[in-house]
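Each remark here refers to the structure printed beneath this line.
The model shown is predicted, which means the values in this text are computed figures rather than measured ones. Residue numbering restarts at 1 for every chain, and letters A, B, ... go by the order of the sequence lines.
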Amino acid sequence: MIELKSLKEDEIYELWEKSGYFNPDNLPRKNRKPYTIIMPPPNANGALHLGHALGIAIEDAFIRFYRLMGRKALWVPGADHAGFETQVVFEKKLEKEGRNRFDIPREELWREMYAFTQENRKTMENQLRKLGASCDWSRKKFTLDEDIIRETQRSFVELHKQGLIYRGSRLVNWCPKHQTAFSELEVKYVERVDPLYYVKYGPLSVATARPETIFGDTGLAVNPKDKRYQDYIGKDIEFDGLLGKVKLPVVADESVDPDFGTGVVKVTPAHDMTDFETGLKHDLPAKSVIDRYGKMNEFTGPYKGMKVAEARAAVVVDLEKAGRIEKIDENYRHSVATCYKCGSLIEPAILPQWYVKMKPLAAKGLEAVKSGKIKFVTEHFEKIYIHWLENIHDWNISRQIVWGIRIPAWFCAKCGEAVVSEKIPERCPKCNGSILEQDPDVLDTWFSSGQWPFLALGFPKSRDFKTYYPTDLMETGYDLVFFWVSRMIMLGLWRTKKPPFRNVYFHGMVRDKDRQKMSKSKGNVIDPLGVAEIYGADAVRMALIVGNTPGLDPVVSEDKIRAYRNFATKIRNAAKFVLTYIEPDSKIKPRFSKKDLDNLRELKIFKKEIERDIENFRLHEASNKLYHYFWHVFADKIIEESKPRLKENKDAADKAAAGETLLRMLRELIKMLHPFMPFTTEEVYQSLPDKKQTCLMAESWN
RNA sequence: GGGCGAUUAGCUCAGCUGGUUAGAGCGUCACAUUGACAUUGUGAAGGUCACAGGUUCAAGUCCUGUAUCGCCCACCA
């Protein structure tokens, strides 16, 4: 008779940490093949949510499985400074305190934000412990660690040297509220219904949704095949504008759709992405008429100082007075660009920014996936990735915020030359001027996180980098295919000449039982730590993994979590029962029945099946099968059938065989369940007779 | 405009390479239960696997098309 020791999750985690086995260097049995996962560093600006818990459950399952399989399993934890995201969170905090980021000196703001993120990191790290993450804390990294900043800046300098980073004055996506530019990925298009104004331009008329930008017109465009306007192509038209005489050239451009509006487009290069391109092609100047705060500027006469919306109304009234409005289509449906964070209308602006030239990087990124060097789970994300990379645009990596890695570029006060250098330059190489000021902008946070797999391992010189890179698995949400995964692949290949990982596992977005996305405003969020407190971390992990097909949105409800809490209870009770009939010092030799041997053999076959499932990324299947096997085969059938043999059995050798069979099966089953339910299985393991290791994770799968 | 995914029990979802009576959780019904069981066990009801064609000895599983829902991408002035 052996008693089942009861252990709390915190005690178990402490046991694990003390064992040192999270660090693969300490694992028994040396000289093994590594298995590496770099944890997607959670944003250090808040608490973990269920989506994080999902990723952690999946990654930990893989890590624990391969550790049992005898691999040198390394899981590197980290935290992301999360540039703009964190800045937004922090701004809200400042707002509540009645402060404003624009009034706080840069260094002071930085210091406050740094402290803020370090606080969050501590919370997050404890939350990861609560969830049972078996990551190597001795290797934890932050995206603003000094070595990370240094290498990130070095990448910038190197890319610049190779002509892959350039400075360009182009039309950028500008958010007037946040006062920063964005890459195209941070722009969200929303459908709206707005009036479409048909406005007379001398003999022609154009349809526009933005009449207030009329002062920035520098041309008109028609389709070269449009018969109606052949006579105008190449000529100037003149007419009376709201601020005096206007003269605009008419150009022919394929991009103009003859069937839209009147077939004539006003070209306003400074305020529209398409027009900017058209302007470049036809050599039309860009004239800004809106400032960075979304107000009309000095080129707009009486409209100066008005907000865009006011100006639009005023301009329409005046155009009507001038008899230039032909008609207004009130039900024009179109999409407008907005800030993904605050919903403000994006006001395109011409600004000098740093760009990464993407085509050469994308070519390598495409090859790696098309050739199968990097595999996506599920496969269909490869198509999405390929499509995006084949149509990629240059990447604006300048952000006008404080929170991030400074761009290693200095501008000469005398001649304006931009000097890119790892160290502060003493003189301008062009004019020899000595006053150089660093670019106030910081890098897009994805520029550094895009290098995370090799930077987190201490590239270029560390032993870890040499041992553990390329990594085996990148596990993340499918919403980051473009933002993060594609950039990691491209930048990883560029900087290290190797793919950063061999496989990418995409999980879906967690939904509630009504298939709604979880959000604070809907009030349907499940706090992973809260439910872990109530039902146990294992129950939460199982609820997140069982039946959750990679790439699809999992539905998680408290009912489901409760179901797996019951399962954990079942495991404990079954173990308790089995141990009741074990006599550790018994000298009786068990006499196994045919059925005993069959059961043991079948379990072996079953284990092989589970192994195959996990190796092929089918955690949802493996976990479900284990649940079913443990409960409905092991507990309901095998244990039940052995009860008569265990109780009041005069045949001691048969009794011993029944007990021994159950014990062997239990030992195997908790090992197999360990990747999914580490706490419960460890609790059982600690009570097993003749356990060989201090904790279950150091056991061997076979 | 393009692409992707989903459609299987009342609800939420599994079902890998096509192969015996299609599974799980929650819910429903009946019976049992001081049992290892924060209940659990036994059994039951409940599915034309969206629809229409096709391939095959065999299709929820492969192919074509249709419908509905959802998501992503795109320079809709």
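For the P atom pair drawn from C31(B) and G53(B), the interatomic distance equals 46 Å after rounding to whole Å. U68(B) and G19(B) have their P atoms separated by 32 Å, with the value rounded to a whole Å. Comparing G15(B) with G3(B), their C1' atoms sit 27 Å apart, to the nearest whole Å. The gap from the C1' atom of G60(B) to that of U20(B) amounts to 16 Å, rounded to the nearest Å. When the P atom is used for both G5(B) and G41(B), the distance is 39 Å, rounded to whole Å. Spacing of P atoms, C63(B) relative to A22(B), comes out at 23 Å, to the nearest Å. Atom C1' of A74(B) sits at a distance of 26 Å from the matching atom of U66(B), rounded to the whole Å. For the P atoms, the distance linking U8(B) with U12(B) amounts to 9 Å, nearest Å.
Nearest to the side chain of Lys383(A), among G5(B), A38(B), U40(B), sits G5(B). Of the candidates C4(B), A77(B), C73(B), A77(B) carries the atom nearest the Val256(A) side chain, counting heavy atoms from C-beta on. Which of A36(B), C16(B), A24(B) sits closest to the side chain of Asp613(A) comes down to C16(B). The side chain of Trp631(A) approaches G41(B) more closely than any other nucleotide in the set G41(B), A36(B), C76(B).
Nucleotide G10(B) forms a pair with C26(B), judged by Watson-Crick or G-U wobble geometry with both contacts under 3.5 Å. Across all strands shown, U21(B) forms no Watson-Crick or G-U wobble pair with both distances under 3.5 Å. Nucleotide U34(B) is matched to nothing when pairs are restricted to Watson-Crick or G-U wobble geometry with both distances under 3.5 angstrom. Figure legend. U55(B) is base-paired to no nucleotide; pairs are counted as Watson-Crick or G-U wobble with both atom distances under 3.5 Å. Nucleotide G47(B) is matched to nothing when pairs are restricted to Watson-Crick or G-U wobble geometry with both distances under 3.5 angstrom. Under the Watson-Crick and G-U wobble criteria, each requiring two contacts below 3.5 Å, nucleotide C69(B) is paired to G5(B).
Checking Lys266(A) against Thr213(A) by side-chain atom types alone, a donor-acceptor pair falls below 3.5 Å. Looking only at atom types and distance, the side chain of His334(A) has a donor-acceptor partner in the side chain of Asp194(A) under 3.5 Å away. Judged purely by distance below 3.5 Å, without hydrogens or angles, the side chains of Ser557(A) and Asp559(A) never pair a donor atom with an acceptor atom. Looking only at atom types and distance, the side chain of Ser183(A) has a donor-acceptor partner in the side chain of Glu186(A) under 3.5 Å away.
For A74(B), the base has no donor-acceptor partner in the side chain of Glu184(A) [N/O atoms by modelled type, under 3.5 angstrom].
Within 4.0 Å of Val264(A), counting heavy atoms only, lies at least one base atom of the nucleic acid. Looking at heavy-atom distances under 4.0 Å, Lys188(A) makes no contact with the nucleic acid at all. In this structure, Phe482(A) reaches the sugar-phosphate backbone alone: every heavy-atom distance under 4.0 Å involves primed, P, OP1 or OP2 atoms, never a base. When heavy atoms are screened at a 4.0 angstrom cut-off, Gly261(A) is found touching no nucleic acid atom at all. Using a 4.0 Å heavy-atom cutoff across all strands shown, Glu621(A) reaches sugar-phosphate atoms only and no base atom. Contact annotation for Phe381(A): no contact, since no heavy-atom pair falls under 4.0 Å across all strands. Within 4.0 Å of Arg572(A), counting heavy atoms only, lies at least one base atom of the nucleic acid. Thr569(A) comes within contact range of at least one nucleobase, with a heavy-atom separation under 4.0 Å. No engagement by Ala575(A) is indicated, since no non-hydrogen atom pair under 4.0 Å with the nucleic acid exists.
Rounded to a whole Å, the CD1 atom of Ile386(A) is 12 Å from the P atom of C4(B). One interatomic measurement links the two molecules: CG of Leu619(A) to P of G15(B), which rounds to 12 Å at whole-angstrom precision. Here the C1' atom of nucleotide C72(B) and the CD1 atom of Ile392(A) are 16 Å apart, to the nearest Å. Spacing between atom CZ of Arg333(A) and atom C1' of A77(B) amounts to 18 Å, rounded to whole angstrom units. Rounded to a whole Å, the CD atom of Glu640(A) is 10 Å from the C1' atom of U40(B). Separating the CG atom of Leu626(A) from the P atom of A14(B) is a distance of 19 Å, rounded to the nearest angstrom. A straight line from CD of Glu609(A) to C1' of U17(B) spans 13 Å, rounded to a whole angstrom. Rounded to whole angstrom, the span from the CG atom of Asp636(A) across to the C1' atom of U40(B) amounts to 9 Å.
Annotation: cation-pi pair Lys570(A)/Phe634(A) absent, no NZ/CZ under 6.0 Å from the ring centroid and within 45° of its normal. For Arg192(A) and Tyr332(A), the positive end is not near the middle of the six-membered ring at less than 6.0 Å and at most 45° from its axis. Cation-pi geometry between Lys188(A) and Tyr340(A) is not met: the NZ or CZ atom fails to fall both under 6.0 Å from the ring centre and inside 45° of the normal.
Partner of Leu666(A) under the side chain to side chain contact (heavy atoms under 4.5 Å, CB included) criterion, out of Leu688(A), Ile571(A), Ile639(A), Thr661(A): Leu688(A) alone.
Within the 4.0 Å cut-off from OP1 or OP2 of G41(B), at least one side-chain nitrogen or oxygen of Lys570(A) is found. For Asn391(A), no side-chain nitrogen or oxygen approaches OP1 or OP2 of G3(B) to under 4.0 Å. The shortest distance between the side-chain N/O atoms of His620(A) and the OP1/OP2 oxygens of G15(B) is below 4.0 Å.
No side-chain donor-acceptor contact under 3.5 Å links His282(A) to the backbone of Leu284(A). At least one donor-acceptor pair closer than 3.5 Å links the side chain of Glu382(A) to the backbone N or O of Phe376(A).
By the salt bridge (Lys or Arg N to Asp or Glu O under 4.0 Å) test, Asp538(A) is found to be paired with no residue, residues two or more places apart in sequence or in another chain being considered.
Two rings, from Tyr564(A) and Tyr627(A), have their centers less than 6.0 Å apart.
The nearest heavy atom of RNA chain B to Thr262(A) and to Leu185(A) marks one nucleotide each, and the one closer to the 5' end goes with Leu185(A). If Ala574(A) and Arg511(A) are placed on RNA chain B by their nearest nucleotide, the residue sitting closer to the 5' end is Ala574(A).
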Tabulate atom names and distances for all N/O pairs under 3.5 angstrom spanning the protein and nucleotides 25-31 of chain B.
{"unit_1": "C26(B)", "atom_1": "O2'", "unit_2": "Asp559(A)", "atom_2": "OD2", "d": "3.1"}

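Near-neighbour residues of RNA chain B inside residues 548-556 of chain A, defined by a heavy atom below 4.0 Å, number-ordered: Thr549(A), Leu552(A), Val555(A).
A perpendicular orientation is assigned to the rings of Tyr505(A) and Phe62(A), their planes being inclined by more than 60° (bins at 30° and 60°).
Using a cut-off of 4.0 Å between Lys/Arg side-chain N and Asp/Glu carboxylate O, Lys607(A) and Glu611(A) are scored as not salt-bridged.
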